[in-house]
Every structure is written in C-alpha cells, then in structure tokens.
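Please read all numbers here as calculations on a predicted model, not as lab measurements.
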Amino acid sequence: MVKKNAEKDVGFVRQFNELKKKHPDAVLLFRKGDFYEMYKEDALKASVILALKVSDKILPLENDPIKLLTFPRHELDKHLPKLIRSGQRVAICEAIDQPKLMKKPREKTGEELKSQDKVKKENNLNQETMAKKKKEQAVQEEPTKTVKTAAEEKPAKEMKSEQQAEQKAEAKQERKPREPQMITANGEKVSHGHAFQSTTNPADWYFTAKMDGVQLKPQKMDAADLAAYQKKEMTVPQLMEKYYPTKLMPKVSEEAFQMPKQLSGPDGAITIDKFNVYKEKDEQRPDYGKYKFYVQMGDTKMSAVASREDLNAYFDRVVSPTQLVEKNFGERLHLQSAYEKYQLPEGVDPKGVRVAKDHSDNKWKVSMDLGDKGKTSKHELSFDDGYSLFKAKTATREQIAAKYLNTEITGMLSAVTNKLEKSASMKM
C-alpha cells in the first residue's frame, strides 16, 4: 500500500514538472482524494498568499525533499479567490479513478495485445522481453492517464466559483479610487464628506468626513448650514473650514513642542519648563470635569480652562505650547502681547477713559465718559491688570477700558443710534 502511494506521488510530481514547463506562470493545484496539493515553487508562493504551512516530502525519484502544501477539498472556495485576487493564474488538475489503469499482474490491455502482435511480426522477440517493455511503458504513461486539467474535468460548481472569483478580482482592479473632495495645507486628502441624521434624535444633523482614510468625529450642524448644504449652496470644503478649522491649518514643527521654551516677559525672558493638558478631577472645584492647560515656569505653576478651539489646535499640532501659554496665561504673566487684542470701538474718544481708585471701597476701577452718549458704570480691575497697567506698564489705559467696557460701550452706542433712527422716521 505504501509503495503504491509513493508511486502515485511520483506520478503527480512528474506531471507537475511537465505541466510547469508548458505553463510556467500558472499555479498548479492537484486534486488527491479529499485534498488539494501544490508542489515546489507553487507551494512556497501559495503559502505566503494563503498563510498556510509548507512541509517537506521525500519521494523515491527525487534527490531532495520537495516542498508540499495541502488543504482540504472543502476549503477550495476560500483559498481559490485569494490566489486569484493576488494576481495568480490557477490551473486545477483533477485525478480520475480508472480501474483499467490499476496494476494487475500478467493482465494485458487491448493496447498491449496490439503492440505484441506488431512486435511478433517484425522481430519475433520472446514473450518475456515483451512483457518487460510493456511494464516499463505502463509506469511511464500512468500519471498522464490519471491526471487531467481543470479545463477538462473540473466540476461545474468549482468552475463557476472560480469564474465568479476572477470577475470580482477584475472588478476590484478596474475600480478607481475615490477622488478627494479637497487637499489640506499638509497634503492630507479629505473624502467622504457628508451630512447625516441622528438616529436617536432625528432633529439633529451631523457633518463628518475622512482624512487620509481616518474617520473624523462628527460635528453637530447648524440649521442654516444644513439647509445650505442640502440646496448645494455650501460645499464640503466650506463645511470643513467651519467644523474642522484646525484640521486644515499648517502644522508647526515637532521641535516647537520640545521643552523648555522661552518667551519675552516684562522683566526679561520667561522659561517654560512644562506644558500639558489634563482633566480636572477635583469635584469641589467649579471647573470639575473640564479640560485645562497646565504650565510650569520655575517655581510658578498655573492652570486655566482650555477652550474647545485651543484644545483642537493643540492636539492637531497647529499651534505651539508657547503660543498657547501667551494666549491663556499672557495677562497673568503681564505680557504686552496679551493686551494688544483689546481695542476700543471705532469712533470712541480715548480721552474719556477714567482709571481711578474708588474712595467708597478703596479699589481701582475703570469707566468711560462718552459725552452726550452717557457714562459707563465703573468696573473693578483685577490684580494682574492693575500690575500690568501701573507696574509692568505692558498695558495701556485704552486697552484696559476696552477689556472691561467694550460690551457696555457697544450697547450704549447702539441705543443712541436706534433712538436717532426712530426720531428720523417719526419726522418723515
């Protein structure tokens, strides 16, 4: 029995060698009972694609063990598409059991009898010599007669499965990648930008997109933006600009995030030793549960609640820690740059600014005299603003007035304007 199996294996390998010469670019699958086998270079190639283990098998006529890969017949539908999708050409060779090809001692086939008659007529060789020749001939022809290619003997079900797998592979190769809807300043591709309705609350709509294939966190849309988007009056780039602004900004260098860093202060350089983000865990604090920036400069430690805009800018790496310190802690550090953003409304005379100590409570306060438009209320200055104004001199009286009074001043100016317009309409 062992000898018979060994001879059969030799036949399959010999057939493999012959077919490989004719089809060097094809992967040959040989059906043996309930298993499929691949040999030599085909076994090594398929093992990488299918993630299956290759074994060594010793055959009588081979000098070295040959590489062998095998898997059960029922797994063909799983492995065949993988081979095809990887770009391989696959040929399946099915074994056919033919009783007339089984070895039967001293039993002669019609072909052997015909050959014997022919030989007798030509050279009268003895019967023993003829039997020996016929036995050698049968051994040589046995693999060729017992193995056929998939195109000849493959079952209809398996042929259909292979054709479907090939069609899917071709369709996948022909499918073009989706064109990006926009490209950011950093070269990242934005795709799949769209609005969708909430499943839990149908009144809410969200906008989302992908950047280089990574899904962005959905952002709740304003009703006006949703209407404009549905009417095609607002594009995906415009929605990205509004809901993911920091994703589109140029990134700063990684070197900018390495500590320590320095910035100019009223009394010289200020060294930033540490900067990070944390979530407040003290339940007794009013800012419990909020994200905060923390900065350490020597023995001085400060923290401040971080806005959503600043958090996104920090995590998207579009602003440096130095810039965030200047923005969120600049007034406490008495930086001149921190007060440059405060300006009085256009047309307001800065001579009306009043900064004085209130004798009723002995505190420094700021107010504004707008002439015939009236006077603002008095607002108490913080310690840091008073220090910046009087000691460090990094803030001006106008900047302090703008910080505390701009909202009130704007309201007073609007009231006067509305009153004048109303009077003019009544005269008409």
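Atoms NE2 and CZ, on H79 and F71 in that order, are 5.5 Å from each other to the nearest 0.5 Å. In this structure, CD1 on I66 lies 8.0 Å from CD on E37, to the nearest 0.5 angstrom.
Shortest non-hydrogen contact noted between A43 and M38 is CB-O, 3.4 Å. In terms of heavy-atom proximity, A46 sits nearest to L69 at C-CD1, 4.2 Å. Summarising the geometry of S367 relative to S377, their closest heavy-atom pair is CB-O, 3.7 Å, with the distance given to 0.1 Å. Contact between P245 and E241 at its shortest, heavy atoms only, is CB-O, 3.4 Å.
Residues D358 and K365 are paired through a salt bridge, judged by an N-O separation under 4.0 Å between the basic side chain and the carboxylate. A salt bridge is defined here as a Lys NZ or Arg NE, NH1 or NH2 lying under 4.0 Å from an Asp or Glu carboxylate O, and D273 with K261 fails to meet this definition. A salt bridge links E280 to R285: one of the charged nitrogens lies within less than 4.0 Å of a carboxylate oxygen.
Residues K67 and D56 form a side-chain contact, since some pair of their non-hydrogen atoms from C-beta on lies under 4.5 Å apart. Side-chain contact check for Q262 versus I270: every heavy-atom pair is 4.5 Å or farther apart.
Looking at D384 and S382, their side chains never bring a donor and an acceptor atom within 3.5 Å of each other. Between E326 and S337, the side chains place a donor N or O and an acceptor N or O closer than 3.5 Å (distance only, hydrogens not considered). H334 and S388 share a side-chain donor-acceptor pair at under 3.5 Å. Between the side chains of E408 and H379, at least one donor N or O sits under 3.5 Å from an acceptor N or O. T246 and N312 are not linked by any side-chain donor-acceptor pair at a separation below 3.5 angstrom, with hydrogens and angles left out of the test.
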Got a list of side-chain donor-acceptor pairs under 3.5 Å for residues 395-402, not counting sequence neighbours?
| residue | atom | partner | partner atom | Å |
| --- | --- | --- | --- | --- |
| T396 | OG1 | Q399 | N | 3.1 |
| T396 | OG1 | Q399 | OE1 | 3.4 |
| R397 | NH2 | V353 | O | 3.0 |
| Q399 | OE1 | T396 | N | 3.0 |
| Q399 | NE2 | Y339 | O | 3.4 |

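S264 is linked by a side-chain contact (heavy atoms from CB on, under 4.5 Å) to nothing, counting only residues two or more places apart in sequence or in another chain.
Taking the ring axis of Y314 as reference, the NZ or CZ atom of R317 stays within 45° of it and closer than 6.0 Å to the ring centre.
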Verdict with reasoning, Y387 to E331, per side-chain hydrogen bond (donor to acceptor under 3.5 Å, both in side chains)
CA-CA 10 Å; Y387 187 94; E331 295 177 16; over 6 Å; no
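Using cut-offs of 30° and 60° on the angle between ring planes, the pair F30 and Y39 is tilted. Ring geometry, F207 versus Y244: the interplanar angle falls from 30° to 60°, so the pair is classed tilted.
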